[in-house]
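Structure first, commentary second.
Hydrogens, waters and symmetry mates are skipped; everything else that's a heavy atom, side chains included, is used. None of the values given here were measured: they were computed from a predicted structure.
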Amino acid sequence: TNISARDLPKPVRAIELGFVEVRELSRTYADVAPGATLALIGSSGHLEISVREGSAAERLGVRRGAKVVVRGETPR
């Protein structure tokens, strides 16, 4: 994505892309099982939504420009 790590709410509660919701940021691809969808901060410092050992574009049916919703902690 073009969402930088510094622009993310703290803490991240959910990331929505297509019909999938990811509930937390992973640190590495190894944090999830093969085929699982994950979100992490890539080496460029931006939010990435990926599928371990797969294609998030194919799995989620999304393309460049797809809407990404990031939710932080709900205010009290």
Side-chain angles (χ1 to χ4, degrees):
T1 69
N2 63 352
I3 302 169
S4 122
R6 69 177 176 271
D7 294 331
L8 292 173
K10 310 273 188 291
V12 171
R13 294 290 181 210
I15 299 160
E16 299 171 11
L17 175 63
F19 60 88
V20 170
E21 180 179 87
V22 178
R23 295 269 181 176
E24 62 186 347
L25 287 175
S26 296
R27 290 181 10 152
T28 69
Y29 286 91
D31 288 346
V32 301
T37 303
L38 70 145
L40 52 73
I41 302 303
S43 59
S44 68
H46 289 85
L47 177 66
E48 295 180 9
I49 293 106
S50 303
V51 171
R52 181 174 170 192
E53 300 174 23
S55 167
E58 289 177 14
R59 166 82 57 81
L60 307 178
V62 296
R63 299 200 183 284
R64 177 173 282 191
K67 182 178 177 181
V68 176
V69 177
V70 180
R71 300 193 192 288
E73 189 168 24
T74 305
R76 296 177 195 208

Atom of Val51, atom of Ala56 and distance for their closest heavy-atom approach:
CG2-CA, 3.6 Å

Considering only heavy atoms from C-beta outward, does the side chain of Ile15 approach that of Leu17 to under 4.5 Å?
no

Quick one: does Pro11's side chain get under 4.5 Å of Glu73's, heavy atoms only?
yes

Taking a hydrophobic cluster as the set of Ile, Leu, Val, Met, Phe, Trp and Tyr residues connected by side-chain heavy atoms closer than 4.5 Å, whether directly or through intermediates, do Ile3 and Val22 fall within one such cluster?
yes

Using 0.5 Å steps for rounding, measure from the CD atom of Glu48 to the CD1 atom of Ile41.
8.0 Å

Taking the basic N atoms (NZ, or NE/NH1/NH2) and the acidic carboxylate oxygens, is any pair closer than 4.0 Å for Arg71 and Glu16?
yes

Which residues pass the side-chain contact (heavy atoms from CB on, under 4.5 Å) test with Ser44, not counting sequence neighbours?
His46

Please tell me whether Leu38 and Val12 are part of a single hydrophobic cluster in this structure, the criterion being side-chain heavy atoms less than 4.5 Å apart.
no

Indicate if Leu8 and Val20 have the same hydrophobic cluster label, given that clusters are the connected sets of ILVMFWY residues with side-chain heavy-atom separations under 4.5 angstrom.
yes

Output the distance between atom CG (Asp7) and atom CG (Leu47), rounded to the nearest 0.5 Å.
10.5 Å

Nearest non-hydrogen partners of Ile49 and Thr37, listed with the distance:
CG2-CG2, 4.3 Å

Hey, does Leu40 have a side-chain heavy atom less than 4.5 Å from the side chain of Asp31?
no

All N/O donor-acceptor pairs, side-chain side in residues 58-69, below 3.5 Å, sequence neighbours left out:
unit_1, atom_1, unit_2, atom_2, d
Arg59, NH1, Gly35, O, 2.5
Arg59, NH2, Gly35, O, 2.9

